[in-house]
Amino acid sequence: MRRTLSILALLSVLLLAGCATQKQGDILTTTLNAYASTLRWGDFQSAAQFIDPEIREKHPLSALDIARYKQVKVSDYDDGNGPLPAGKGKVQQTVHISLVNIHTQTERSIVDHQTWQYDEKTKHWWLISGLPDITQD
């Protein structure tokens, strides 16, 4: 009887852990989709809200950054294979972004290496790698 109860307790813990992991995965999918949509619309200031608040406070967008982001339109956002695990509560994703300069109408592509971290307290995924570097050649 004690062995049966132990097995049931273990299965319950594993089931709850699986549910937590599934919920974390669902939140990640929702967050990545929202972030991608925000960037596709070229709303870099709103995209900055996806950055971890501590990082955002230490490294706010400068007026120059905002001016640079206003000079481009996103024409493509390709997240390829999607996020890959990078440790406990952390994922990495490589995204290819095509940008069109609004003044010259020339298009170029950049690679954005994103790192996302899950915050257990807020049950939220935060971007810890910052916004894409659009000054890349």
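- Proximity of a side-chain donor or acceptor of Gln136 to a complementary backbone N or O of Val111 within less than 3.5 Å is detected.
- The number of heavy atoms from other shown groups lying within 6.0 Å of CD (Gln105) is above 12.
- Taking CG of Leu28 as the start and OH of Tyr118 as the end, the distance is 10.0 Å to the nearest 0.5 Å.
- Within the 3.5 Å criterion, the main-chain N or O of Tyr77 finds a donor-acceptor partner in the side chain of Arg40.
- Of the possible polar contacts, one joining the Arg108 side chain to the Ile134 backbone as a donor-acceptor pair under 3.5 Å is found.
- Among Gln24, Lys23, Gln22, the one residue that satisfies the side chain to side chain donor-acceptor pair (under 3.5 Å) test with Asp26 is Gln22.
- Under the 3.5 Å distance criterion, the side-chain polar atoms of Asp112 are left unmatched by any main-chain donor or acceptor of Gln114.
- Here CD of Glu54 is found 13.5 Å from CD1 of Ile51. Values are rounded to the nearest 0.5 Å.
- Listed by chain and number, the residues in a ring-ring contact (aromatic ring centres under 6.0 Å, His included) with Tyr69 are Phe44 (sequence neighbours excluded).
- In this structure, Lys70 places its NZ atom where only 12 or fewer heavy-atom neighbours from other residues, nucleotides or ligands lie under 6.0 Å away.
- Here the CD1 atom belonging to Ile27 is positioned 12.0 Å from the CG atom belonging to Leu32, to the nearest 0.5 angstrom.
- The hydrophobic clustering, which links ILVMFWY residues whose side-chain heavy atoms are closer than 4.5 Å, places Leu131 and Trp126 apart.
- Once rounded to the nearest 0.5 Å, the distance linking NE2 of His113 with CD of Gln92 reads 9.5 Å.
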